[in-house]
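Scroll down for the structure; my scribbles are underneath it.
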Amino acid sequence: MMHSLFELSATRLAQMIRNQEVTSREVVETHIFRMKRINPRINAVVQTRFDEARNEARQADEIIMRGDIRNDQPFLGVPCTIKESFCLTGMANTGGLLSRKNCIARQDATAVARIKASGAIPLGVTNLSEICMWMESYNLVYGITRNPYGYNRTAGGSSGGEGSIIGSGASPFGLGSDIGGSIRMPAFFNGVFGHKPTAGLIPNSGHFPEEEEGISGISTTGPLCRRAEDLMPLLKILAGPDDIDPGCRTIPLQTVESVNIKNLTVYNCPIKPFIHVSPDLFAAQHQCVGALKKMGATIKDGIHIGNFKIVELWIAKLQSVSKTPFAQVLGNGKSVRPLESFFKWMMGKPAHTFPVLTMAIMDQLPYSKKRNQRLIQEIEDLKKFLTETIGAKGVMLFPSHPTTAPRHYMSLLTPYRWGYTGLFNILGFPVTQVPLGLNNHLLPTGIQIVGTPGNDHLTVAVAMELEKIFGGWVMP
């Protein structure tokens with residue numbers, strides 16, 4: 001029973017708890033047991049709330065015994081985890097900044113409050129990149145997070161703690177944020193499902209760094225899960241304005257039951273970009289195409305723009321909407337001197353990590369407004385083209401990354417590879433990251449399923465079908 005609880009979806013666990021096949025306390029204790037065993041090796045959960053979780057599990061069991069379950073509590077009694085950048089009352093909320101190492105959340109972020117209102121029970125908060133801005137979850141407050149499929153491999157960033165702890169089997173689902181692939185890369189590297197929603201679907205309120213109105217269209221809040229069937233229920237819980245995040249709006253969510261794969265057009269992007277996609281990922285994508293074609297979907301060739309070009313477009317978009325200098329965000333409201341901080345880093349007295357210092361220096365370089373305007377127009381043209389091409393009844397298959405999870409710190413040598421995911425942040429498209437099993441080195445493979453704005457249900461529906469075929473998440 002204990003082993004099976006590690007493998008079930010949150011939806012299935014909730015059903016078993018409601019039917020009194022198992023108690024919430026048993027489910028919570030089982031995941032705490034798993035977390036205590038695995039977390040010292042992977043450093044994914046940076047602060048726990050086990051005593052509070054046990055009390056909340058006891059309360060959930062009492063509600064079930066009384067028969068007082070509400071319809072708005074679909075995950076009553078189910079454990080989960082939360083990225084540390086979101087406010088969770090009583091938990092640390094440093095964002096990986098040394099200057100915030102004593103910062104404790106006094107209230108819940110909107111998304112966290114909605115998860116708790118659904119009956120879910122947070123077990124703790126998870127590690128991240130410094131101020132959520134790198135491909136590896138490493139900071140000077142908590143250290144580095146490891147991949148459960150290989151401790152010498154990255155767990156990704158910035159929601160790497162979520163990806164790692166869910167991939168290890170110690171959490172059924174969690175909450176992440178994504179500004180350039182920060183949900184999808186960790187989901188991919190750790191072999192789980194992750195969804196970057198349509199821009200504006202879910203509020204970012206209560207997240208650090210705080211999202212400005214323009215940036216909130218690029219950065220999004222979303223779920224990571226070990227099973228695909230949890231994605232849409234979580235999106236329904238999380239979606240909708242909260243009168244705090246100005247970038248969030250009402251976007252109707254359709255059901256996955258309304259999707260017929262036979263009526264879908266699937267645009268495949270098999271062309272190897274500037275940085276080649278590895279053979280195992282290329283083969284996995286090809287298998288996806290074959291599986292969907294066998295199910296009756298119409299397959300067409302897609303497009304691929306150069307990886308370096310994607311990063312260039314992403315930077316231009318961020319510069320066009322950001323009102324706060326990056327050095328000020330890095331200093332938690334008080335501007336740091338990037339070159340001075342970089343010199344301290346070289347002298348072995350770091351206050352910040354190398355990637356964010358590099359970003360802060362680049363942010364202070366002069367740029368041409370005319371050139372930026374041209375790049376912004378390219379983004380709009382690309383968005384229009386892809387929206388019309390993919391359409392309301394289509395999805396696109398796109399590589400998740402050029403390789404499976406690289407070794408720690410190797411991303412510093414290949415800083416442009418996050419362009420594979422960052423493209424869809426600046427377009428505002430919904431994307432579901434789907435695990436496709438393990439390669440010969442027992443590392444997760446996967447694919448991105450891309451849809452047009454408002455069609456989150458299509459990408460999730462395809463993810464659910466691919467899980468049936470390829471098995472989805474595999475216990476490491």
Side-chain angles (χ1 to χ4, degrees), residues 46 82-88 91-112 125-142 156-162 175-183 185-186 196 199-200 202-222 242 244-248 314-315 317-338 341 351-364 418 421-422 425-426:
V46 293
I82 306 293
K83 186 179 182 179
E84 199 257 22
S85 55
F86 289 98
C87 288
L88 171 59
M91 294 284 101
N93 182 226
T94 71
L97 275 180
L98 273 177
S99 59
R100 287 173 59 92
K101 65 180 179 180
N102 297 320
C103 185
I104 303 297
R106 301 304 175 191
Q107 60 183 10
D108 294 330
T110 297
V112 173
V125 291
T126 55
N127 204 16
L128 68 175
S129 315
E130 186 176 11
I131 62 172
C132 301
M133 289 297 286
W134 191 237
M135 289 184 281
E136 179 129 36
S137 288
Y138 167 73
N139 59 72
L140 300 178
V141 181
Y142 304 118
S158 61
S159 309
E162 281 302 315
L175 186 67
S177 58
D178 191 317
I179 194 170
S182 294
I183 287 173
M185 275 190 287
K196 186 206 85 64
I202 300 171
N204 297 315
S205 314
H207 181 276
F208 178 82
E210 297 177 1
E211 312 292 3
E212 300 172 18
E213 182 173 359
I215 294 177
S216 67
I218 304 173
S219 181
T220 58
T221 296
D242 64 349
I244 303 175
D245 183 349
C248 188
W314 186 91
I315 293 172
K317 180 70 173 179
L318 198 66
Q319 288 177 331
S320 71
V321 299
S322 177
K323 300 180 180 68
T324 306
F326 191 78
Q328 186 173 325
V329 178
L330 192 58
N332 193 27
K334 182 180 180 180
S335 290
V336 301
R337 296 178 178 178
S341 297
H352 301 285
T353 55
F354 177 79
V356 295
L357 287 176
T358 304
M359 292 179 192
I361 292 171
M362 291 179 63
D363 186 57
Q364 293 187 344
W418 57 268
T421 50
N425 291 83
I426 59 176

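What's counted below: heavy atoms across the whole structure, side chains too, no hydrogens, waters or symmetry copies.
Residues V46 and T94 are not in side-chain contact: their nearest non-hydrogen atoms beyond the backbone lie 4.5 Å or more apart. Residues F86 and D108 fail the side-chain proximity criterion, which asks for heavy atoms closer than 4.5 Å. Between P355 and E130, every side-chain heavy-atom pair lies at or beyond the 4.5 Å cut-off. Between L330 and L97, the closest side-chain pair of non-hydrogen atoms falls below 4.5 Å.
Of all heavy-atom pairs spanning A92 and V125, the tightest one is O-CG2, 4.4 Å. Summarising the geometry of G180 relative to T421, their closest heavy-atom pair is O-OG1, 2.6 Å, with the distance given to 0.1 Å. Closest heavy-atom contact between T353 and V356: O-CG2, 3.3 Å. What you find for D245 and N204 is that their closest heavy atoms are OD2-N, 2.8 Å. Here the closest heavy-atom approach between residue G96 and residue L128 is recorded as N-CD2, 4.1 Å. Heavy atoms only, all atoms of each residue included: L357 and P338 are closest at CD2-O, 4.3 Å.
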Could you give me the CA-CA distance, side-chain angles and deciding distance for I104 and M91, then say whether side chain to side chain contact (heavy atoms under 4.5 Å, CB included) is met?
CA-CA 6 Å; I104 303 297; M91 294 284 101; over 6 Å; no

Report the C-alpha distance between W314 and W418 in whole Å, list the side-chain angles of each, state the deciding distance to 0.1 Å, and finish with yes or no for side chain to side chain contact (heavy atoms under 4.5 Å, CB included).
CA-CA 10 Å; W314 186 91; W418 57 268; 3.3 Å; yes

Between M133 and F326, does the side chain to side chain contact (heavy atoms under 4.5 Å, CB included) criterion hold? Intermediate values first, please.
CA-CA 11 Å; M133 289 297 286; F326 191 78; 4.0 Å; yes

Please lay out, stage by stage, how H352 and S341 fare under the test side chain to side chain donor-acceptor pair (under 3.5 Å).
CA-CA 7 Å; H352 301 285; S341 297; 4.8 Å; no

Passes side chain to side chain contact (heavy atoms under 4.5 Å, CB included), M185 versus M135? Steps please.
CA-CA 8 Å; M185 275 190 287; M135 289 184 281; 3.7 Å; yes

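Listed by chain and residue number, nothing satisfies the salt bridge (Lys or Arg N to Asp or Glu O under 4.0 Å) test with R100 (two or more places apart in sequence, or in another chain). For the side-chain hydrogen bond (donor to acceptor under 3.5 Å, both in side chains) test, no residue two or more places apart in sequence or in another chain qualifies with S129.
Residue E210 places its CD atom among 12 or fewer non-hydrogen atoms of other residues, nucleotides or ligands, all under 6.0 Å distant. No more than 12 heavy-atom neighbours from other residues, nucleotides or ligands sit within 6.0 angstrom of CD on Q107.
Of the inter-residue distances, the one linking I426 atom CD1 with I218 atom CD1 reads 8.0 Å to the nearest 0.5 angstrom. Separation of atoms CD1 (I183) and OG (S219) is listed at 8.5 Å; rounding is to 0.5 Å. Between the NZ atom in K317 and the OG atom in S322 there is a gap of 12.5 Å [rounded to 0.5 Å]. Here the OG1 atom belonging to T221 is positioned 6.0 Å from the NE2 atom belonging to H207, to the nearest 0.5 angstrom. Taking CH2 from W134 and CE from M359, the interatomic distance works out to 5.5 Å, rounded to the nearest 0.5 Å. Atoms CG and CZ, on N93 and R106 in that order, are 10.5 Å from each other to the nearest 0.5 Å.
With hydrogens and angles disregarded, a donor-acceptor distance shorter than 3.5 Å links the side chain of S159 to the backbone of S177. Judged by distance alone, with hydrogens and angles left aside, the side-chain atoms of D178 form no donor-acceptor pair with the main-chain N or O of T220 at under 3.5 Å. Formation of a donor-acceptor pair under 3.5 Å by the T358 side chain with backbone atoms of F354 is found in this model.
A side-chain donor from one of S158 and K83 sits under 3.5 Å from a side-chain acceptor of the other. Judged by distance alone, the side chains of S137 and N127 never bring a donor and an acceptor atom under 3.5 Å apart. Side chain to side chain, T126 and E84 fail the donor-acceptor criterion of an N or O pair below 3.5 Å. Between the side chains of D242 and S205, at least one donor-acceptor pair of N or O atoms lies under 3.5 Å.
Listed by first then second residue, pairs satisfying salt bridge (charged side-chain N to carboxylate O under 4.0 Å, His left out) with a partner in residues 352-364 number zero, not counting sequence neighbours.
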